[in-house]
Amino acid sequence: MMRRPNFFILIICIIGLSCNVLYGEELKGFDTNLVIGHLVESGQTLKFKEETFSLYEVNETTLLPIETLLTIGVKFDQIGDTLVFSRLGKEETLAEIVPYSGTEVDVRLGEQPILIGYIPTYHIKVEKTMMIPVETLGVLYDLTATSDSYRLEELVYSEANYLQILNGSIVNSSAYPIYFDYIDMYWDGENFIDLYMKNQVLPPRCEKKIEIQPTIEGKAVIYLNTYIETIQDFQMPSPESYGQRPIPLYNGYMKVKRIKALEKIFPKFKVTAKMNYKVGQFENGEEVELWRSEKGQYHVILDEKGKKVTVPLGSITIIGDNGQWLREATQKELEDYVNLKDYESQTEYLLWTDLLRQRTYAFKGEKNQWELVKVMKCSTGKDKSLTPSGHFEIEYKVPYFGMEKGYRCKNASVIFRDYMYHSILFDKTGEYVKSGLYQLGSRVSHGCIRLSEEDSGWIYKNIPEKTKVYIE
């Protein structure tokens, strides 16, 4: 009697992710041009016969270069769009391969369909090569793992598998009908979702096209791969046993993707200037980024690598900033930004001044676990008296200053040279507001970060010295 096909869904939750959306952007296929990390040499090695091979790592995922695969007795053929790797036959000889070597290079997710034996696998792109999870070798060899190495042995017995995932289809290459169950694996940006297809039958030498779903239960998903779960009621090894749920790898991708999305919400503030004449490496007429200006003495600009360079006062003409209207950021966006960017502080507090929005945010917690506790409207420096961007610390505090100049600023928390958080300007007695109250939210200061008396007092009282300050 013919078995009736059916399916069900299993969502495998990943604990620890703080974000479940791309802040309004739609989740689509993987961006294979996005750098998700840098390759490092693993502390583990691969041992086969008398040889030892290097393994590599990115985002806690151990990887094997394709060159090593070809060195140990594996060949590949291209069938349609798919690269199919299998063991060399008895009459076939090893190709001469130059081993891969290299670290600290950019890593990207690959798009090339790859089949190791009968297991489809993801891979990463590194320079001019590809790397696969080392666990996939278990399809072709007897693979055992120890604390510092993987060891390969020849399989004593290898059973033929007549079902393959090729070019978007499940293919039965045998002369008999095959009954099977399979799993379509998806990623929703936060969890793996398994779509189980039960009680399937495929006639001899026929194929079944895999129907890829753009959404599951109303949520956008990315199709990963298809895996055979059972054949003729025989349980096949799970995808996990071949390294096919690389949680840290996909989390790393989503972290970079989320940071890119957040950087659109929090764009970099920049004041541009033009060189009036050639100074060192800077040509006459060249546009440069202004970092700060020392009152009546010189300017500090940034070169293309972000290095600070001092130039004479009259050597540049300030063009202006990239100011634009930006909506208020949500608490989630603010917390996700500082946590995904791995911001840290020596104290339980962290300050971040948003130069475009003219807001200062206070967070409490620790690295990757910051929670927003206060939002304060502020005023930072004008173009000609710019507040420097970068990472600083609360160095020391003074209760007030400026009386010798005819005013009083209260609650000063110094972060760099004479740049500080402080109150708006009062008269010398500190009783009457002199200026700045109705200018909060605009860039009107001489370089310091002005706040209301209440907010500057809150920082003065609650934010300890050594607290990290981010100004962007």
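Along the sequence shown, residues carry numbers from 1.
- Remark: E304 CD is loosely packed, at most 12 non-hydrogen atoms of other residues, nucleotides or ligands lying under 6.0 Å away.
- Counting heavy-atom neighbours within 6.0 Å of E454 CD, excluding the residue itself, gives a total of 12 or less.
- Scanning both residues, L249 and I124, for their nearest heavy atoms gives CD2-CG2, 4.2 Å.
- Summarising the geometry, atom CG belonging to L64 is positioned 11.0 Å from atom OG belonging to S42; distances are rounded to the nearest 0.5 Å.
- Annotation: side chain of Y253 is in contact with side chain of L34 (closest heavy-atom distance under 4.5 Å).
- Side-chain contact between V300 and V309 is absent, with no heavy-atom pair separated by less than 4.5 Å.
- Contact of the Y56 side chain with the T62 side chain is not registered, since no non-hydrogen atoms from C-beta on lie closer than 4.5 Å.
- Residues satisfying the side-chain hydrogen bond (donor to acceptor under 3.5 Å, both in side chains) criterion with N368, sequence neighbours excluded, are D342.
- The structure places CG of L195 at 6.0 Å from OH of Y186, a figure rounded to the nearest 0.5 Å.
- Between the CE atom of M376 and the CD1 atom of I449 there is a distance of 10.0 Å, given to the nearest 0.5 Å.
- The environment of NZ in K364 is sparse: at most 12 heavy-atom neighbours from other residues, nucleotides or ligands sit within 6.0 Å.
- In terms of the salt bridge (charged side-chain N to carboxylate O under 4.0 Å, His left out) criterion, residue partners of D321 (sequence neighbours excluded) are, by chain and number, R443.
- Residues D303 and K307 are not paired through a salt bridge, judged by the lack of any N-O separation under 4.0 Å between the basic side chain and the carboxylate.
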What side-chain donor-acceptor pairs closer than 3.5 Å can you find for residues 426-438, not counting sequence neighbours?
unit_1: D427; atom_1: OD1; unit_2: T429; atom_2: N; d: 3.4
unit_1: D427; atom_1: OD1; unit_2: T429; atom_2: OG1; d: 2.9
unit_1: D427; atom_1: OD1; unit_2: G430; atom_2: N; d: 3.0
unit_1: D427; atom_1: OD1; unit_2: E431; atom_2: N; d: 3.1
unit_1: D427; atom_1: OD1; unit_2: Y432; atom_2: N; d: 3.2
unit_1: D427; atom_1: OD2; unit_2: T429; atom_2: OG1; d: 3.0
unit_1: T429; atom_1: OG1; unit_2: E431; atom_2: N; d: 3.2
unit_1: K434; atom_1: NZ; unit_2: G406; atom_2: O; d: 2.9

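- The CG atom of L425 sits 6.0 Å away from the OH atom of Y407 when rounded to the nearest 0.5 Å.
- Counting only residues at least two apart or on different chains, the ring pair (Phe, Tyr, Trp, His ring centres under 6.0 Å) pairs with a member in residues 361-380 are W352-Y361.
- Atom CD of E371 is surrounded by 12 or fewer heavy atoms from other residues, nucleotides or ligands within 6.0 Å.
- Residues V311 and I316 share a closest heavy-atom pair of CG2-CG2, 4.3 Å.
- For the residue pair Q244 / Y227, a side-chain donor-acceptor distance below 3.5 Å is found, with atom types taken as modelled.
- Here the side chains of Q213 and Y223 are not in contact, with every heavy-atom distance at 4.5 Å or above.
- Every salt bridge (charged side-chain N to carboxylate O under 4.0 Å, His left out) that K268 has, sequence neighbours left out, goes to E289.
- By the 6.0 Å contact criterion, CD on Q439 is enclosed, its count of non-hydrogen atoms from other residues, nucleotides or ligands being greater than 12.
- In this view, F269 satisfies the ring-ring contact (aromatic ring centres under 6.0 Å, His included) rule with no residue, not counting sequence neighbours.
- Residues T71 and T68 bring no donor and acceptor atom of their side chains to less than 3.5 Å of each other.
- With 3.5 Å as the limit, one finds a donor-acceptor pair spanning the side chains of N276 and T317.
- Few gaps surround NZ on K295; more than 12 heavy atoms of other groups in view lie less than 6.0 Å from it.
- Put simply, OH on Y343 and NZ on K468 are 9.5 Å apart, with the number rounded to the nearest 0.5 Å.
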Handout entry: Intermediate values then yes/no, ring-ring contact (aromatic ring centres under 6.0 Å, His included), H422 and Y400
Key = CA-CA 8 Å; H422 63 69; Y400 51 84; over 10 Å; no

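- The two residues S385 and S445 have their closest heavy-atom pair at OG-O, 3.0 Å.
- For the pair Y421 and C448, the minimum side-chain heavy-atom distance is 4.5 Å or more.
- For E335, the side-chain hydrogen bond (donor to acceptor under 3.5 Å, both in side chains) partners at least two apart in sequence or on another chain are Q331.
- Taking all atoms of both residues into account, the shortest heavy-atom contact from G243 to Y122 is O-CE2, 3.2 Å.
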Contacts under 3.5 angstrom, residues 100-110 side chains, donor-acceptor by atom type, not counting sequence neighbours:
unit_1: Y100; atom_1: OH; unit_2: E127; atom_2: OE1; d: 3.1
unit_1: D106; atom_1: OD1; unit_2: H38; atom_2: ND1; d: 3.1
unit_1: R108; atom_1: NE; unit_2: N33; atom_2: O; d: 3.1

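- Here E229 pairs with K198 under the salt bridge (charged side-chain N to carboxylate O under 4.0 Å, His left out) rule; sequence neighbours left out.
- Here the CZ atom belonging to R245 is positioned 14.5 Å from the OG1 atom belonging to T61, to the nearest 0.5 angstrom.
- Judged by distance alone, the side chains of T52 and T45 never bring a donor and an acceptor atom under 3.5 Å apart.
- The two residues I415 and V469 come nearest to each other via the heavy atoms CG2-CG2, 4.0 Å.
- Looking at residues two or more places apart in sequence or on another chain, you find a salt bridge (charged side-chain N to carboxylate O under 4.0 Å, His left out) between K410 and E453.
- With sequence neighbours left out, Y250 forms a side-chain hydrogen bond (donor to acceptor under 3.5 Å, both in side chains) with no residue at all.
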Practice task
Could you check S423 against N411 for side-chain hydrogen bond (donor to acceptor under 3.5 Å, both in side chains), going step by step and ending with a plain yes or no?
Solution key: CA-CA 6 Å; S423 74; N411 310 316; 5.4 Å; no

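- Proximity of L63 to I132: side-chain heavy atoms (C-beta onward) are nowhere separated by under 4.5 Å.
- The local environment of NZ in K274 is sparse, with at most 12 non-hydrogen atoms from other residues, nucleotides or ligands closer than 6.0 Å.
- By the side-chain hydrogen bond (donor to acceptor under 3.5 Å, both in side chains) test, T380 is found to be paired with Q358, residues two or more places apart in sequence or in another chain being considered.
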